[in-house]
2 protein chains.
Amino acid sequence: MKTPRSAATRTKLLEAARDIIRARGYSATTVDDICAAAGVTKGSFFHHFPSKEQLGIAAIEQFNETASEIFRSAPYTSRPDPRDRVLGYVDFRISMLTREIAQFTCLLGTMVQEVYATHPDLRAACDQGMSEHVADLTRDIQAAKQRYTPDAPWSAESVGYFMQAVLQGAFIFAKAKQDTRVAVESLGHLRRYLEMLLGQPETGKEPTPCRT
Amino acid sequence: MKTPRSAATRTKLLEAARDIIRARGYSATTVDDICAAAGVTKGSFFHHFPSKEQLGIAAIEQFNETASEIFRSAPYTSRPDPRDRVLGYVDFRISMLTREIAQFTCLLGTMVQEVYATHPDLRAACDQGMSEHVADLTRDIQAAKQRYTPDAPWSAESVGYFMQAVLQGAFIFAKAKQDTRVAVESLGHLRRYLEMLLGQPETGKEPTPCRT
DNA sequence: GTCAAAAAACCAACCAGTTGGTATATTACT
DNA sequence: AGTAATATACCAACTGGTTGGTTTTTTGAC
């Protein structure tokens, strides 16, 4: 962080790591791969990061910060009704599915699958990052619950985790099929479920039948 | 398949691959790891499989066959009402979450995340295996739809994929948290959504309110 | 004895991480 | 301001160990 050049190199390494790991996973990504993509030598790599694992942790943190900013500055966050914000989040994620696969998938979800049993620090970083994002979501869900269905038997947090689970599963099918249609339809089902959980908007008209 | 001993060695290698890859992922799993776990030398490994990738494909196929048998012989499949079979499937998967993480997670979902961009044959095998399982599920969903909500706007297949997406996402959180509570709650949300989609059982009583 | 199966020894390529050193800043003193 | 001292940023070459895969040898069933 001292010189601008140093910060730029560090950022290039983190971005290269983010992109390559999202495409190939953590284990299959070599330090040489990351250095080549960042246009940096291995000596420089190990000047900035003490190990591949520490780079992984830094990449997770940076990915989470970037993601937080994207969602914090997304248009739906300014809607006054928390229910609209929750559904707007889902719509926003559906709209992201038009990009390349490696551009909308989750670095943390990809990594934790292969490192949870062997790299405790990486696992913990992924857990923390995903839980923070769920906590952000949970705030809007809780507000919507309070307003529309305060006595519902489910917890706002469990719905936040459920939303992330659907997203992570949708990413897996997008990768397996090299196609986002299943992912789009799955997020559509998620949206329908949330509409049902959070009830109808405050206009007070009859709820649509459950079956539709 | 020639001698019984040969078949036993092959099975041991496939089972070792299945267990280690589920815990550490495909790339981080070495041929030596698999040989050690199977109690077999490397020379023997390459007598049975021409490459690590071919072993991976064989492991995917065997995993899928084993899984098919488990679900085909599960108690819920004998229920007469297709809606009960669909919900029974979810309950059965919830009950599986009491085992060790590496015993209930999906080899295919774990693998496809890290190989989809680099190993086309593995990706295709995972896609096919997951799609076959969805097709099995879709049959019951379609039957339940026909019986209870034939005009609903969603397709049975998209619901089948949605169910698998929730499962895969639940596995990711089980790994990240080293705890199945989030997974159990997510499958609970999935169950509630399916109850809503498939309507109420044929007893003809009033539907419970959507919000509960 | 023959031939498939298993073992043992081996290999070239590759891996994460080190080395010893050079370039480029930043600071400190005059 | 000028410049010596110091710290940071960077790099090419190297290392010990590991990788997927091969070759050669031994075992064991018929």
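Quick note on labels: first sequence line is chain A, next is B, and so on, each numbered from 1. Small disclaimer: the values here were computed from a predicted structure and weren't measured.
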TODO: Rounded to the nearest angstrom, tell me the gap between atom CZ in B:F46 and atom C1' in D:dT22.
DONE: 9 Å

- [ ] First locate atom OG1 of B:T180, then atom CZ of B:F171, and finally report the distance between them rounded to the nearest 0.5 Å.
- [x] 11.5 Å

Open item on the list: Using 30° and 60° as the class boundaries, would you call the ring planes of A:F71 and A:F92 parallel, tilted or perpendicular?
Closed with: perpendicular

Open item on the list: A side-chain contact here means heavy atoms from C-beta on lying under 4.5 Å apart; do B:L198 and B:V159 qualify?
Closed with: no

Please set out all donor-acceptor pairs under 3.5 angstrom arising from side-chain atoms of residues 59-67 of chain A, sequence neighbours excluded.
unit_1, atom_1, unit_2, atom_2, d
A:N64, ND2, A:G129, O, 3.0
A:T66, OG1, A:Q62, O, 2.9

- [ ] Give a yes/no on whether any side-chain N or O of A:H48 is located under 4.0 angstrom from OP1 or OP2 of D:dT8.
- [x] no

TODO: For DNA chain C, find the residues of residues 21-37 of chain A with a heavy-atom distance under 4.0 Å and give them by number; none if there aren't any.
DONE: A:T29, A:T30, A:V31

Task: B:M111 side chain reached by B:L107 side chain, heavy atoms, under 4.5 Å - done: yes

Task: Minimum-distance nucleotide (side-chain atoms of B:V40 versus D:dG21, D:dC10, C:dA7) - done: C:dA7

Open item on the list: Tell me whether B:D136 is salt-bridged to B:R72, with the criterion being a basic N under 4.0 Å from an acidic carboxylate O.
Closed with: no

Open item on the list: I want to check one thing: is the phosphate of D:dC10, taken as OP1 and OP2, less than 4.0 Å away from some side-chain N or O of A:H47?
Closed with: no

Open item on the list: Measuring from atom CZ of A:R93 to atom CG of A:L190, what distance do you get when rounded to the nearest 0.5 angstrom?
Closed with: 11.0 Å

Open item on the list: Can you measure B:F45 atom CZ to C:dA5 atom P for me and round it to whole angstrom units?
Closed with: 16 Å

TODO: Using a cut-off of strictly less than 4.0 Å between a heavy atom of the residue and any atom of DNA chain D, enumerate the qualifying residues of residues 49-61 of chain B by number.
DONE: B:S51, B:K52

Open item on the list: What's the separation between atom CG in B:D140 and atom OH in B:Y76, rounded to the nearest 0.5 Å?
Closed with: 8.0 Å

Open item on the list: Base of C:dA7, side chain of B:K42 - is there a donor-acceptor contact under 3.5 Å?
Closed with: no

